[in-house]
Structures are given as structure tokens and as C-alpha cells.
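This report concerns only the one structure given below.
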Amino acid sequence: LIGGGVIGAGWAARFLLNGVDVRVYDPDESAPQRLEELLASARRAYARLTLVPLPPEGTLTYAGSVEEAVADASLVQESVPERVELKQALLARASAAASEQTLICSSTSGLRPSLLQERMQRPERMLVAHPFNPVYLIPLVELCAGSRTALEAVERAASIYRALGMHPVVLRHEVDGFLADRLLEALWREALWLVHDDIATVAEVDDVIRYGAGLRWAFMGTFLSYRLAGGEGGLRYFLEHFGPALQLPWTKLVDVPELTEEFLDKLAEQSESQVDGRSIAELERARDDCLVALLQALRAQGSGAGETLAGWERGLLSTPAASAAAQDGDIDTPLVLLEREIPADWIDYNGHVHESRYLQLFADATDALLRTVGIDAAYLEHGSYYTVETHLSHLRALFVGDRVRVTTQLLGFDDMRLHLFHQLIRDGDDQPPATAEQMLIHVDAVSGHASPARNGVRARVAAIVAAHAALPRPSRAGRAIKLQPSSDRETSYPAAPNN
Ligand SMILES: NC(=O)c1ccc[n+]([C@@H]2O[C@H](COP(=O)([O-])OP(=O)(O)OC[C@H]3O[C@@H](n4cnc5c(N)ncnc54)[C@H](O)[C@@H]3O)[C@@H](O)[C@H]2O)c1
């Protein structure tokens, strides 16, 4: 990475959390601290984004020069300030020092790659890869070739970014501002005019996006939204009806309000009142949480950026590293298959962690167990274990920010069934806040009926059950729900609050 500012650090986080080693050159002394802070935010966001195990983090090192940074690199990502001269000089140095195969990409928001290629050696491996902030969460990366870029370089870059969970859009033509910033700039100009002319405040302009069009844009974009507005008649009907209105001089198009001190004061003042004392760190956290929520909602719909997220998760699950890691652990003790922090959005209207979240933790641990015994993307085409019964004991309340892990003991198995016991363990707590006993049945994916697990999976289950047979049987295993004589009742644990 050449440049470790907002964008360079975002790239660092995306690469590192995908298991890629990163070397950064940035002469600014405060760059490492900024990088570490951003990396912490990205780790927090990924912990909420996915339960799929991530590969071991890549290593982050700092280089003293461009040449040191690019040595042996597979890909160089330049993210220095948007000044042509500076970028051209650094890209020229990088191209002279990097190996011939190294891809060299610029994060520029609008400079044409042909211009940036001018002083480079082997410019055919250079292209623009324009990301969006925060780079570790927003999947879009616009790829734009210059006049001397080889098609092979664009294809190679696209497959690298795709493997990092991104969605590359390859431009058909080299244009200033690429696609996204051309659209955003038109909106941005008009937004400035509306505030400049006192037609609306900064907050009101933002509200008409976030309460309206912005909600649609995440999954339909502009054209598909308008197509629906045209009903059965489609886009043709829509334009026949509303096309004439496009001729009305509503918007200012390329005119830009003069950025006088007075106008800047007005914008700054309204922006401060909109922010209402919240710090940048708070706003960034809120932004990340909303992005994660959106991506997850879109994943459930199989739509747009959610489908990119699902594809990335499938890719992580099917890498040999993931299944090897799942198979390697120590099986003489209960398996530790899930670790996480209780997130703020697990709180219900009463201020409690909702009881369904306890089951979610155990269900996620069961999913992790299935991966451990070899149920990967390929196996799922033939079958998997389904949970048919859970006995969940709520023993203590959970709180936001608690660090918890689930340990899992296999109690028994046969060809089709798997009997297991989970305990939820909280850091600093001597008793489990919850336990769950489950029975799973193996089901054939095609017939939908119970069926024997395949040999490899059964052998793995058998090995763990045999190892766990030496462990003490959990005292709560085999309990039933019933009214017990008061002398037998456990009174030491306050139960989780009822929701
Ligand atoms: N900020 C965004 O939202 C955004 C989005 C997409 C693309 N971009 C593009 O990404 C690039 C970087 O933008 P940014 O927002 O991260 O800027 P930034 O100012 O936050 O970061 C630039 C970094 O480059 C470093 N730098 C300066 N001179 C350098 C040199 N000679 N060698 C190495 N590093 C040097 C600076 O110390 C700084 O850390 C720009 O081309 C910008 O157009 C920005």
C-alpha cells in the first residue's frame, strides 16, 4: 500500500482481515496509529457482519520507502492525495521497483488511468481500482483501464477484489470521475445549491435521501426504481409521462455555487447542528453498524451487496484453509467453536438480551461444529444435520459487551443422530449463563428424509465422541422440564430476565 490515510487504511483492513499480508509506505508519522484504529473498527464490524470463520489475519508491516513497500508484492494499491504529479511520481517509482507481474492499482476518485500511466514502466499492468469509504465494508470497486492497460490485468484485479468480498464493476470506457462519482457529484452540486439558496438545510437534504430514495438505491439503483414507477408500461411509459419534466430547469447541473467564506460558514454551522455533538468515532461506529445491518438484510433477500456478502462467505467456507483449520483443533476437551461479544442490537425494548439470542449463540456453535466435522459447501449438496430438539437452560442474564464463547461436548452418535451439549461461558464468570442440549438428525438434501451421514463426516464425529467420552458428563445433560420438589431446585443462579 502506498498511502495509509482514510482509504489506504481501509484497504489495509480489507486485505488483512482476508488473510493477506500488507506492507504500507506512508511518510506521515501518525499513519500507524490511524491504521491501528481503523483496523480495530474493521475487526468490530466483521465480528458483527459474519459468523463464518475468517482466515488468520495477515501481517501488517511498515516500509521506509516505496521501493521497500512494493518488493515482492502481488498487488500494489496507491492511495495518496489526489494530485496528478504526486501520483505519477510514486507510480513511476513503484513500477520500476516492483516485479514485472505485479499489478499496480490506483484508488483515485477521478483521474484517468492513461494520465497516471504516463511515467510508468510496464504500464499494461496498471489500472484504477476506485473503492468507497469505508473500504472494508462497501463492496463496490470500480475498475477502469487506461489506454495502455492489458485486459489480463483488469481480469486479474477483478478476481483478486472479488476474493476479498468486493463487487468489481469494470468500466467500458475511460471517463473522468468513472461512474459513481459522476452521479454523486451531480447530486452533491444540487444539494449545495439547495442549501446555498436557503431552500433547505443540510439536515433536510440528508433526510430526503435517507427516508426515501436512499432506501431504494441499495437494492434497485436508479433505473430499476424508475422502471417500477412506470408500472406495467415500464421505463418507456415512465419516460413518456415524466420525460417532458426533465426539460424543466429544476436543477443547476454543472453550475457550482461559489464557496465563499459566508457559504462555508453556513454549511459548517448547519452540519455541526446536524451532528449534535456526536464525535467522528461515534458517527463511524453508527455508520458501520447500519452498513452491517443493511448488508445482512440484503443477504437474506439475496439482493445486490447482500449477495456479494453471501458469495464471500461461501468462498471463505470452501477454502482449503478453512476446512483444514476446522479439522485440526484439539478434540480431547470440549470444542470451542464460537467466540463473540454481545452486540448492542441484541437488547429488546426492556433493556434485556432477548431470549432468542441465547438460541442463536448455540445454533451458531452447532453450525461451526458441522463445519468442523467436514460439512462444507460441497457436502451440503448431499445433506447435513438438522437440529430436531433443543433443551435450553437460561441461568444468568447476559449484557451488552459481554465476551462469551460456546464450548461443545459430543455425548453420543449413531448413523443418523448426533447428541451434543453446549455451554455458554462468559469471560470473568465462574458459572455458565446458559446451556443447551441438542439432538441433530442427518437429512438427505435431495429426498428431505433422514439418512446416514457419509463416511468421512461419521468418522470425524466418531473420533470426537470417543475423545469426549473421557470427559465428565455435564450435570444438566438429560434434564427434562418438570416441577421439581423444592429441595431439589437450584437456587444459586438468577435466571435470565423474562422477555
Ligand atoms: N476519502 C474518500 O472517500 C475516497 C474514496 C475513494 C477514493 N479516494 C481516493 O483515495 C486517495 C486517497 O484519499 P484519502 O481520502 O485516503 O486521503 P488521505 O489524505 O486520508 O490519505 C492520503 C495519505 O497519503 C499519504 N501520503 C502523502 N504523500 C505520500 C507519499 N509521497 N508517499 C506515500 N504516502 C503519502 C498521507 O500521509 C496520507 O496518509 C485519493 O486519490 C482519493 O481521491 C478517496
Side-chain angles (χ1 to χ4, degrees), residues 1-3 5-11 14-15 75-88 90-91 94-95 103-120 123-192 209 213-214 217-226 251 253-256 291 304-305 308:
L1 302 181
I2 304 175
V6 173
I7 294 302
W11 276 120
R14 191 173 273 276
F15 283 120
L75 178 132
V76 172
Q77 186 82 39
E78 169 275 309
S79 312
V80 300
E82 193 80 337
R83 297 202 303 272
V84 182
E85 272 298 311
L86 176 67
K87 286 191 188 277
Q88 282 180 333
L90 290 168
L91 289 166
S95 68
L103 276 174
I104 302 185
C105 297
S106 171
S107 302
T108 177
S109 299
L111 299 172
R112 291 180 181 226
S114 295
L115 194 64
L116 300 177
Q117 282 173 327
E118 272 176 12
R119 290 157 55 185
M120 290 180 67
E124 66 274 11
R125 43 37 193 286
M126 187 274 172
L127 61 143
V128 164
H130 174 226
F132 293 79
N133 187 34
V135 181
Y136 53 85
L137 278 180
I138 303 257
L140 179 62
V141 56
E142 291 182 300
L143 302 187
C144 182
S147 56
R148 286 183 281 173
T149 308
L151 181 61
E152 176 276 332
V154 179
E155 286 169 352
R156 192 148 49 102
S159 80
I160 290 176
Y161 294 121
R162 217 172 273 122
L164 299 172
M166 301 184 87
H167 182 82
V169 168
V170 179
L171 267 73
R172 293 164 184 274
H173 299 282
E174 186 181 18
V175 286
D176 294 317
F178 317 121
L179 302 187
D181 281 352
R182 288 170 84 102
L183 294 171
L184 293 177
E185 195 161 293
L187 186 69
W188 180 220
R189 278 201 197 98
E190 192 55 32
L192 288 173
I209 300 295
W217 278 338
F219 50 91
M220 283 195 159
T222 294
F223 279 105
L224 193 50
S225 297
Y226 284 149
T251 54
L253 298 176
V254 292
D255 287 350
V256 182
L291 282 170
T308 310

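One-based numbering along the sequence shown.
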Note to self: Checking Gln117 against Thr149: is there a side-chain donor and acceptor pair closer than 3.5 Å?
What the structure shows: yes
Check: So how far is it from Cys105 SG to Ile160 CD1, rounded to the nearest 0.5 Å?
Finding: 7.5 Å
Check: How many angstroms lie between atom CG of Leu90 and atom CD of Glu85, to the nearest 0.5 angstrom?
Finding: 11.0 Å
Check: Which atoms form the tightest heavy-atom contact between Val154 and Ala145, and what is the distance?
Finding: CG2-CB, 3.9 Å
Check: Between Ser106 and Lys87, is any pair of side-chain heavy atoms under 4.5 Å apart?
Finding: yes
Item checked: Check: Ser114 main-chain N/O paired with Arg148 side-chain donor or acceptor under 3.5 Å -> no
Note to self: As an exercise, state the distance from CG of Leu164 to CH2 of Trp11, rounded to the nearest 0.5 Å.
What the structure shows: 7.5 Å
Margin query: Measuring only between side-chain heavy atoms, which start at C-beta, is Leu91 closer than 4.5 Å to Arg119?
Written below: no
Margin query: To check you understand the geometry: which heavy-atom pair defines the closest contact between Arg189 and Val256, and what is its length?
Written below: NE-CG2, 3.5 Å
Check: Any sub-3.5 Å donor-acceptor pair from Arg14's side-chain atoms to Val135's backbone N or O?
Finding: yes
Next item on the list: Grab the two heavy atoms, one from Pro139 and one from Thr308, that are nearest each other, plus how far apart they are.
Entry: CB-CG2, 4.0 Å
Check: Got Asp181 and His130 here, is their nearest side-chain heavy-atom distance under 4.5 Å?
Finding: yes
Next item on the list: May I ask you to test the Tyr161-Leu75 pair for a side-chain heavy-atom distance under 4.5 Å?
Entry: yes
Check: Is a side-chain N or O of Gln88 found less than 3.5 angstrom from the main chain of Glu118, in a donor-acceptor match?
Finding: no
Check: Just by modelled atom types, is the Gly8 backbone N or O under 3.5 Å from a matching donor or acceptor in the Gln77 side chain?
Finding: no
Notebook entry, point to check: How close do Ser107 and Ser79 get, heavy atom to heavy atom, and via which atoms?
Noted result: OG-OG, 2.9 Å
Next item on the list: List the atom of Leu140, the atom of Met166, and the distance in Å for their closest heavy-atom pair.
Entry: O-CE, 4.0 Å
Item checked: Interatomic distance, Arg125 atom CZ to Ile104 atom CD1 [nearest 0.5 angstrom] -> 4.0 Å
Check: CZ of Phe132: more than 12 outside heavy atoms within 6.0 angstrom?
Finding: yes
Notebook entry, point to check: Quick one: are Phe178 and Thr108 in side-chain contact, heavy atoms under 4.5 Å?
Noted result: yes
Margin query: Is any side-chain heavy atom of Ile138 closer than 4.5 Å to one of Asn133?
Written below: no
Notebook entry, point to check: Where the side chain of Glu82 meets the backbone of Gly110, is there a donor-acceptor pair that is under 3.5 Å apart?
Noted result: yes
Item checked: Interatomic distance, Ile209 atom CD1 to Leu187 atom CG [nearest 0.5 angstrom] -> 5.0 Å
Margin query: For the CG atom of Asp255 and the CG atom of Leu192, what is their distance to the nearest 0.5 Å?
Written below: 12.5 Å
Note to self: Could you report the tightest heavy-atom contact between Asp176 and Arg182, atom names first, then the distance?
What the structure shows: O-NH1, 2.9 Å
Next item on the list: Compare all side-chain heavy atoms of Glu174 with those of Pro113 and state whether any distance is below 4.5 angstrom.
Entry: yes
